[in-house]
There are 2 protein chains.
Amino acid sequence: MIQIMSSLFQYFKNFNSLSKEAEEAIAGISNTMCIKKNKDLQPIGYTCKTIYFVNKGVARIYYHKDAIDITEGFYFENNIIARVESLFTGKPSRKAIQILEEAEIVAIDAIALFKLYDKFPEIERLFRKIFEAGHVDTVNRIEGIQFHSAEERYKALLNEANDVLKKVPLKYVASYLGITQVSLSRIRALQ
Amino acid sequence: MIQIMSSLFQYFKNFNSLSKEAEEAIAGISNTMCIKKNKDLQPIGYTCKTIYFVNKGVARIYYHKDAIDITEGFYFENNIIARVESLFTGKPSRKAIQILEEAEIVAIDAIALFKLYDKFPEIERLFRKIFEAGHVDTVNRIEGIQFHSAEERYKALLNEANDVLKKVPLKYVASYLGITQVSLSRIRALQ
DNA sequence: GTAATTATTTATCTTATGATAAAAGAATAG
DNA sequence: CTATTCTTTTATCATAAGATAAATAATTAC
């Protein structure tokens, strides 16, 4: 527990350093957990009220479109996961978070966190910056999806996250890339 | 000037109400301007240091990929424009902001704004919420790009922003939809 | 108002990806 | 260890969108 939390605080330092009191306040609204492979951390249909930190393991966000499973994104060690389209709007999420490889997680109560923002502007700033970085990633991803062929996207993913492709079922990678599994298999056969 | 600023403050109220002092502080770092059609408000290659509010008119963010002009997004009356991938990282932007229809704009000095965050947590909160909303839009857009056909995307755009297609050259719409202009023309011929 | 430029459509041909089915390979349960 | 289930690949055919070229239409400049 203590070790996981200190990884989280270390991660925070990349964005905004916190006072001891602020760290303690966050610790007070956080739980650590170990989750087994293939478990859903959060199911579809509920409003996102938790922000997760992946200390160890792999997770993905997915949803269903016409009964087909689609991976929105993969999340690895030392990253925050949240379904922002629900967290920031208060609307139920059509997306779920699933653990793909046994994971060590910190769950931060988002409702309690938002209350801490009033008392600790430094915490509000921290999460503003964390989500700004996520926002930038999302904007950059649009470019990738919109103007590269499936093959280019696959190669780019290989480059930036070779590990992904070793740890994660290819059917999930295919929908992440916006193609069918059959297409991905065809592309892989070319290499 | 006064009228434009009050539209801006009205827009702010959708996210977070400000004290009179906070409004005055923002007014102190803002300029209003009228920009002619086809002018670049911000050129490619410079770091984004201004946040714009479109009071009247239409703008787009665009960039070049392999010497082809690509529209990242359209921005209409009563909206904020910023190249977040530069604003939040401090890196030069590969994107430009262009006015497509004579526009009345408020330009907010972003560097000065970020300094105001220390004195006015309410301003930090306001812009956190504004950009959170932008973040949600971006996440939702990925879904649209990734899992709908060009025809579906075109129809969706017709639905949500019919005006766009009346005011904006179709070549810009095509790249926004992620297709060539010839494809867009073909799709339009089907309707 | 005419010429020049720019935007849009139409046509043809090519290609990447989808849909479907089936085979091969890997993981899991008992 | 074997049977069952799940994942990945291979094959075939259909189709949406790209590339290129040329024709038409609309804007803009003079």
Side-chain angles (χ1 to χ4, degrees), chain A residues 36-40 57-58 60 62 64-71 74 98-102 142-158 162-191, chain B residues 36-40 57-58 60 62 64-71 74 98-102 142-158 162-191:
Chain A
K36 296 275 180 220
K37 189 171 172 171
N38 291 328
K39 274 264 176 193
D40 269 10
V58 181
R60 67 172 185 136
Y62 73 91
H64 296 299
K65 185 148 247 159
D66 308 328
I68 294 169
D69 176 302
I70 289 165
T71 298
F74 296 108
Q98 184 189 26
I99 299 304
L100 296 179
E101 197 168 80
E102 183 152 6
I142 286 186
E143 238 182 281
I145 297 173
Q146 200 156 13
F147 298 103
H148 289 108
S149 66
E151 186 177 348
E152 289 169 321
R153 277 174 273 154
Y154 174 68
K155 283 182 180 164
L157 183 61
L158 266 182
N162 201 313
D163 305 345
V164 182
L165 301 151
K166 286 176 189 146
K167 292 184 180 177
V168 160
L170 288 172
K171 59 177 177 173
Y172 297 154
V173 174
S175 66
Y176 173 77
L177 292 172
I179 56 178
T180 60
Q181 189 181 358
V182 174
S183 277
L184 177 57
S185 199
R186 189 157 36 193
I187 287 164
R188 283 161 54 84
L190 301 175
Q191 312 304 314
Chain B
K36 296 276 179 220
K37 189 170 171 172
N38 290 328
K39 274 263 175 192
D40 269 12
V58 181
R60 68 172 184 135
Y62 73 91
H64 295 300
K65 185 150 246 159
D66 308 327
I68 294 169
D69 176 302
I70 289 165
T71 297
F74 296 108
Q98 184 188 27
I99 299 304
L100 296 179
E101 197 169 79
E102 184 153 6
I142 287 187
E143 239 182 282
I145 298 173
Q146 199 156 15
F147 298 104
H148 289 109
S149 67
E151 188 177 346
E152 289 169 320
R153 277 175 272 154
Y154 174 68
K155 282 183 181 164
L157 183 60
L158 266 182
N162 201 312
D163 304 346
V164 181
L165 301 151
K166 286 176 191 149
K167 293 182 181 178
V168 161
L170 289 172
K171 60 178 177 174
Y172 296 155
V173 175
S175 67
Y176 174 76
L177 292 172
I179 56 178
T180 61
Q181 190 182 358
V182 174
S183 277
L184 177 57
S185 198
R186 190 158 34 195
I187 287 164
R188 283 163 53 85
L190 301 174
Q191 311 306 314

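Naming convention: chains lettered A, B, ... in sequence-line order (proteins, then strands); numbering from 1 in each chain. Just so you know, these numbers use all the heavy atoms, side chains as well, and skip hydrogens, waters and symmetry mates.
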**Report entry** Test side-chain contact (heavy atoms from CB on, under 4.5 Å) applied to A:I187 and A:E151, A:E152, A:R153, A:K155, the passing residue
**Finding:** A:E151
Query raised in the report: Could you give the distance from NZ (A:K37) to CD1 (A:I99), rounded to the nearest 0.5 Å?
Result: 12.5 Å
Requested in this report: Starting at atom CD1 of B:I187, determine the distance to atom C1' of C:dT8, rounded to an integer number of angstrom.
Outcome: 14 Å
Query - CG on B:L158 to CZ on B:R188, rounded to 0.5 Å - result: 8.0 Å
Query raised in the report: Does anything in residues 174-182 of chain A reach DNA chain C, meaning a heavy atom under 4.0 Å, and if so which residues?
Result: A:G178, A:I179, A:T180, A:V182
Requested in this report: Determine, for nucleotides 23-30 of chain C in 5'-to-3' order, which nucleotides have protein heavy atoms under 4.0 Å from the base (write B), from only the sugar-phosphate (write S), or from neither (write -).
Outcome: --------
Query raised in the report: Taking CG from B:L190 and C1' from C:dT9, how many angstroms apart are they, rounded to a whole number?
Result: 13 Å
Query raised in the report: Taking B:S175 for the side chain and B:T71 for the main chain, is one N or O donor matched with an acceptor at less than 3.5 Å?
Result: yes
Query raised in the report: Does B:R186 make a side-chain N or O approach to OP1 or OP2 of C:dT10 shorter than 4.0 Å?
Result: no
Report summary line: One would report the end-axis bend of the helix from C:dG1-D:dC30 to C:dG30-D:dC1, five pairs per end and rounded to 10 degrees, as 60°
**Report entry** From B:L157 atom CG to B:F74 atom CZ, the distance as rounded to the nearest 0.5 Å
**Finding:** 7.5 Å
Report task. Could you say whether B:A189 or B:K171 is positioned toward the 5' end of DNA chain C, judged by the nucleotide with the nearest heavy atom to each? Result -> B:K171
Requested in this report: Check the distance between C:dA16's P and A:H148's NE2 and give it to me in whole angstrom.
Outcome: 16 Å
Query raised in the report: Among all residues two or more places apart in sequence or in another chain, which pass the salt bridge (Lys or Arg N to Asp or Glu O under 4.0 Å) test with B:K167?
Result: B:E101
Report summary line: Min and max contacting nt of DNA chain D in 5' to 3' order, chain A heavy atoms within under 4.0 angstrom, are D:dT7 to D:dT12
**Report entry** Non-neighbouring partners of A:S183 that pass side-chain hydrogen bond (donor to acceptor under 3.5 Å, both in side chains), sequence neighbours left out
**Finding:** A:T180, A:R186
